[in-house]
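Each remark here refers to the structure printed beneath this line.
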Protein chains: 2
Amino acid sequence: MTAVEQRVAGFEGQLRDAGLRMTQQRRLILRVLAEADDHPDAKGIFTRAFAHDPTLSLSTVYRTMKVLETQGAIERHAFEDGVSRYEHADQEHHDHLIDVESGEVIEFSSDAIEELQRRIAAELGYELVRHRLELYGRKKRPGTRGKKG
Amino acid sequence: MTAVEQRVAGFEGQLRDAGLRMTQQRRLILRVLAEADDHPDAKGIFTRAFAHDPTLSLSTVYRTMKVLETQGAIERHAFEDGVSRYEHADQEHHDHLIDVESGEVIEFSSDAIEELQRRIAAELGYELVRHRLELYGRKKRPGTRGKKG
DNA sequence: ACGCTATTGCAAAGCACTTGCATCTGTCAA
DNA sequence: TTGACAGATGCAAGTGCTTTGCAATAGCGT
């Protein structure tokens, strides 16, 4: 069983456990999500899935994304352009750095930043529930180190 | 001259310098923005301004916001609901903490976080251009300290 | 005061996303 | 397997925010 198949199976299990039906459309969308290593939006997911099943509709994609988000199976992000982008949630928490020139999205995580945010919220009298952190940057030309795939 | 009047005058100067016309509508919107101490959206700005000039249109508000943003006179933010909110830009850089229960927006700034972000970007091979940081929190009940107006 | 052209108001359009409704299809029971 | 019900789907229409085409209006320099 490939990693993708495992992810799809995992998604299926989550749905079943929630008493939801595993339809062909959901299976297909799940597979598309599991195979994605980027952050596609609804239209992007639709396009990829549509190639396998031309009867699929965009509304089903939106509805499925909502269900999956409720189940915690995916995460939704809205970067600067405001459109919702999705990624499967079977990974550690991370934030995003967006290349302002290419639009490429790079994931990163930093315990230091997480901790700092919690402390700042606490100082303001708040308990941190969640956060949104996006860095927008430009690739450094010379001696680029620490690049990420 | 009040602080609000100074802000409006400052905005006017920016427009003039850019060869743009100072219309009644812009003056009014500028005043509304200068008087605002929150983060109103276009409709909110329109409503406040409309009270003073019932001929104003919402499109003019949108167009004016775009002009002002281009001039760097205001900043546009889109929090979780996705709608654009605006604030005048004659202040230091800051980020936002949003009260998840009341929707209240609290401003804060932290050199430590700014520096950390720059360092993280650098480690990924990027030069930080800008960032978006929003904390979503819930007010702590007991012994609340460091609260902010 | 005059004229050029930026700006405005209005209505229509654009876009991402949601929803009403009739139809279809998982799923579970027999 | 079959039947039946409720959930899911496709389509088209509807939302809500924002933009835009166009004709009329009004700043601003001369």
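Sequence lines set the chain letters: A, B, ... in the order given, protein chains first and strands last, and positions in each chain run from 1.
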Provide, to the nearest angstrom, the distance between the [atom1] atom belonging to [X] and the [atom2] atom belonging to [N].
{"X": "A:R26", "N": "D:dG10", "atom1": "CZ", "atom2": "C1'", "value": "14 Å"}
{"X": "B:L28", "N": "D:dG27", "atom1": "CG", "atom2": "C1'", "value": "17 Å"}
{"X": "A:L30", "N": "D:dA8", "atom1": "CG", "atom2": "P", "value": "13 Å"}
{"X": "B:M22", "N": "D:dG29", "atom1": "CE", "atom2": "P", "value": "13 Å"}
{"X": "B:D81", "N": "C:dA16", "atom1": "CG", "atom2": "C1'", "value": "14 Å"}
{"X": "B:M65", "N": "C:dT8", "atom1": "CE", "atom2": "P", "value": "13 Å"}
{"X": "A:L15", "N": "C:dT27", "atom1": "CG", "atom2": "P", "value": "10 Å"}
{"X": "B:L58", "N": "D:dT20", "atom1": "CG", "atom2": "P", "value": "14 Å"}

In plain terms, say whether [X] and [Y] are close enough for a salt bridge, that is, a side-chain N and a carboxylate O under 4.0 Å apart.
{"X": "A:R132", "Y": "B:E134", "value": "yes"}
{"X": "A:R118", "Y": "A:E115", "value": "yes"}
{"X": "B:R48", "Y": "B:D38", "value": "yes"}

Please state whether the phosphate of [N], meaning OP1 or OP2, lies under 4.0 angstrom from any side-chain nitrogen or oxygen of [X].
{"X": "A:R16", "N": "C:dT27", "value": "yes"}
{"X": "A:T23", "N": "D:dT9", "value": "yes"}
{"X": "B:Y62", "N": "D:dT19", "value": "no"}
{"X": "A:S59", "N": "D:dC11", "value": "no"}
{"X": "B:Q25", "N": "C:dG9", "value": "yes"}

Original post:
Between B:R27 and B:K66, which is nearer to the 5' end of DNA chain D once each is assigned its nearest nucleotide?
Top reply: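 It is B:K66, whose closest nucleotide lies nearer the 5' terminus.
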Original post:
Where the side chain of A:A42 is defined as all heavy atoms beyond and including C-beta, which of C:dC17, C:dA16, D:dG10 is the nearest nucleotide?
Top reply: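 Selected nucleotide (nearest to the side chain): C:dC17.
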Subject >> Out of D:dT18, C:dA16, C:dT8, whichever nucleotide has its closest atom nearest the side chain of A:K43 >> reply: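 The closest nucleotide is C:dA16.
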**OP:** Report yes if a donor N or O on one partner sits less than 3.5 Å from an acceptor N or O on the other, where the partners are the side chain of A:R63 and the base of D:dG10; otherwise report no.
**Re:**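 Present.
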**OP:** May I ask you to verify whether the side chain of B:R21 and the base of C:dA6 hold a donor-acceptor pair under 3.5 Å?
**Re:**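 Answer yes: a donor N or O sits under 3.5 Å from an acceptor.
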**OP:** Please work out whether the ring planes of A:F46 and A:F50 are parallel, tilted or perpendicular, with thresholds of 30° and 60°.
**Re:**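 The arrangement is tilted - the two ring planes meet at 30° to 60°.
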Subject >> CG/B:D111: more than 12 non-hydrogen atoms of other groups inside 6.0 Å >> reply: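 Open: at most 12 neighbouring heavy atoms sit under 6.0 Å from CG of B:D111.
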Original post:
For A:L56, which contact category applies under a 4.0 Å heavy-atom criterion: base, sugar-phosphate, or nothing?
Top reply: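 Sugar-phosphate only.
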